[in-house]
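In what follows, a single structure is set out as structure tokens and then discussed.
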Amino acid sequence: MKKLSLLCTLFVLLLINASNAQQTDVYNKNGYKLTFINYDSTLDTALHTTMVNTFYKVYPVLVNAYNPESMKEVVFVIDTTYKGVAETGRGRVRISSHWMHQHPEDIDVITHEVMHIVQGYGGRSGGPGWLTEGIADYARYKYGINNDAAHWSLTPFKSTQSYTNSYRITARFLAWIENKVKPGVVKDFDGQLRAHAFTVDSWKTATGKTLDELWADYSANPVI
């Protein structure tokens with residue numbers, strides 16, 4: 001019995017080690033380098049390929065649109081221990097393997113995260129975090145390649161919302177401003193945030209109205 005128990009323990013340890021094994025692939029294309037570090041041996045090969053292809057489809061476009069000086073070398077880490085969805089810092093995108101297993105169509109989580117690399121505002125952007133996340137989701141809305149299949153869309157307007165709700169709610173507000181008030185405002189604000197020049201007065205300078213006045217107009221007629 002002891003021998004059987006020991007064998008079972010060794011088998012379990014082997015499985016754990018196999019599941020945590022690191023596989024690293026490096027891709028170079030059109031001047032961009034992607035290092036793909038995968039700790040999930042069960043990640044579908046097709047999904048792996050789709051994630052890489054998504055990076056090369058969206059990242060160069062975002063760089064050209066918003067920040068030509070953005071990093072040309074990016075790292076993806078497929079993490080079996082991460083409990084969130086994804087996070088980004090210093091050119092490194094950490095993605096939950098559990099989330100991708102459960103939501104394989106949600107490939108544009110990559111679009112949102114690599115937009116954070118393009119943003120590159122640093123720790124003291126001078127702007128609010130809700131705007132940073134709103135711009136990243138606006139980028140996903142505008143440049144995402146699989147949002148429909150993932151059943152991802154901008155959150156419909158409700159009177160209980162605030163522009164500080166961040167993510168898709170703020171992104172929809174930004175889309176409304178782009179469509180109804182001032183085209184190009186997102187790119188303008190993104191540049192100001194990166195230059196640490198954004199202030200509360202930036203809204204009025206760009207659109208002729210304060211942030212609260214814009215939100216009031218949006219609330220009265222939120223059609224985009």
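- Atom CG of Asn30 is surrounded by 12 or fewer heavy atoms from other residues, nucleotides or ligands within 6.0 Å.
- Taken to the nearest 0.5 Å, the CG atom of Asn179 stands 10.0 Å off from the CZ atom of Arg172.
- Rounding to the nearest 0.5 Å gives a distance of 6.5 Å between CE of Met100 and CD1 of Ile95.
- Formation of a donor-acceptor pair under 3.5 Å by the Arg168 side chain with backbone atoms of Ser153 is found in this model.
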Exercise for the section: Check step by step if side chain to side chain contact (heavy atoms under 4.5 Å, CB included) holds for Val63 and Tyr32. Expected result: CA-CA 11 Å; Val63 170; Tyr32 293 92; 3.6 Å; yes

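- With a 4.5 Å cut-off on side-chain heavy atoms, Thr88 and Ile117 count as touching.
- Applying the salt bridge (charged side-chain N to carboxylate O under 4.0 Å, His left out) rule to Lys72 yields no partners; only residues at least two apart in sequence or on another chain are considered.
- Looking at heavy atoms from C-beta onward, Arg94 lies in side-chain contact with Thr81 at the 4.5 angstrom threshold.
- In this structure, Gly84 and Ser96 approach most closely via the heavy-atom pair O-CB, 3.1 Å.
- Considering only heavy atoms from C-beta on, Phe189 comes within 4.5 Å of Ser202 through its side chain.
- Ile78 is listed as a side-chain neighbour of Met51, based on a closest heavy-atom distance under 4.5 Å.
- Rounding to the nearest 0.5 Å gives a distance of 3.5 Å between OG1 of Thr54 and CD1 of Ile145.
- The CD atom of Glu73 sits 8.0 Å away from atom CG of Asn28, with the distance rounded to the nearest 0.5 Å.
- Across Leu62 and Ala139, no two heavy atoms sit closer than the pair CD2-CB, 4.1 Å.
- Under the 3.5 Å distance criterion, with hydrogens and angles disregarded, a donor-acceptor pair is assigned to the side chains of Ser70 and Tyr59.
- No donor-acceptor distance shorter than 3.5 angstrom exists from the side chain of Asn147 to the backbone of Asp108, with no hydrogens or angles considered.
- In the hydrophobic clustering of ILVMFWY residues, with side-chain heavy atoms under 4.5 Å counting as a link, Leu193 and Tyr167 come out apart.
- Ring planes of Phe157 and Tyr218: perpendicular class, angle over 60° (limits at 30 and 60°).
- With values rounded to the nearest 0.5 angstrom, Asn53 atom CG is found 6.5 Å from Lys29 atom NZ.
- Between Gly129 and Ser166 the shortest heavy-atom distance is O-OG, 4.4 Å.
- Counting only residues at least two apart or on different chains, the ring pair (Phe, Tyr, Trp, His ring centres under 6.0 Å) pairs with a member in residues 63-96 are Phe55-Phe76.
- The closest side-chain heavy-atom distance from Ile224 to Tyr141 is below 4.5 Å.
- For the pair Tyr143 and Tyr138, the minimum side-chain heavy-atom distance is 4.5 Å or more.
- Under the 4.5 Å side-chain contact rule for hydrophobic residues, Val26 and Ile37 do not share a cluster.
- Remark: Asn146 CG to Trp152 CH2 distance equals 12.5 Å, nearest 0.5 Å.
- Across Asp79, Asp40, Asn38, Val77, a single residue satisfies side chain to side chain contact (heavy atoms under 4.5 Å, CB included) together with Ser97, and that is Asp40.
- Judged by distance alone, with hydrogens and angles left aside, the side-chain atoms of Asp190 form no donor-acceptor pair with the main-chain N or O of Val186 at under 3.5 Å.
- Without hydrogens or angle criteria, Asn165 side chain to Ser162 main chain gives a donor-acceptor distance under 3.5 Å.
- Looking at heavy atoms from C-beta onward, Val118 lies in side-chain contact with Met115 at the 4.5 angstrom threshold.
- Side-chain N/O atoms of Asp212 and Tyr163 include a donor and acceptor closer than 3.5 Å.
- When side chains are defined from C-beta on, Phe173 counts as touching Leu214, because their heavy atoms get closer than 4.5 Å.
- Here the side chain of Tyr27 pairs no donor or acceptor atom with the backbone of Tyr56 at under 3.5 angstrom.
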Exercise for the section: Before giving the answer on side chain to side chain contact (heavy atoms under 4.5 Å, CB included), spell out for Lys182 and Asp188 the whole-Å C-alpha distance, their side-chain angles and the decisive distance to 0.1 Å. Expected result: CA-CA 10 Å; Lys182 180 69 173 182; Asp188 181 14; 5.9 Å; no

Exercise for the section: Test side chain to side chain contact (heavy atoms under 4.5 Å, CB included) on Asp217 and Lys180 and set out the steps. Expected result: CA-CA 10 Å; Asp217 290 348; Lys180 303 293 186 179; over 6 Å; no

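- Taking all atoms of both residues into account, the shortest heavy-atom contact from Ala220 to Pro222 is C-CD, 3.9 Å.
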Exercise for the section: Decide side-chain hydrogen bond (donor to acceptor under 3.5 Å, both in side chains) for His116 and Glu87; before the verdict, give the C-alpha distance in whole Å, the side-chain angles of both, and the deciding distance to 0.1 Å. Expected result: CA-CA 9 Å; His116 282 318; Glu87 63 178 5; over 6 Å; no

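- A side-chain donor-acceptor contact under 3.5 Å links Gln161 to the backbone of Pro156.
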Practice task
Walk me through it: do Glu178 and Val185 pass the test side chain to side chain contact (heavy atoms under 4.5 Å, CB included)?
Solution key: CA-CA 6 Å; Glu178 285 273 349; Val185 72; 3.7 Å; yes

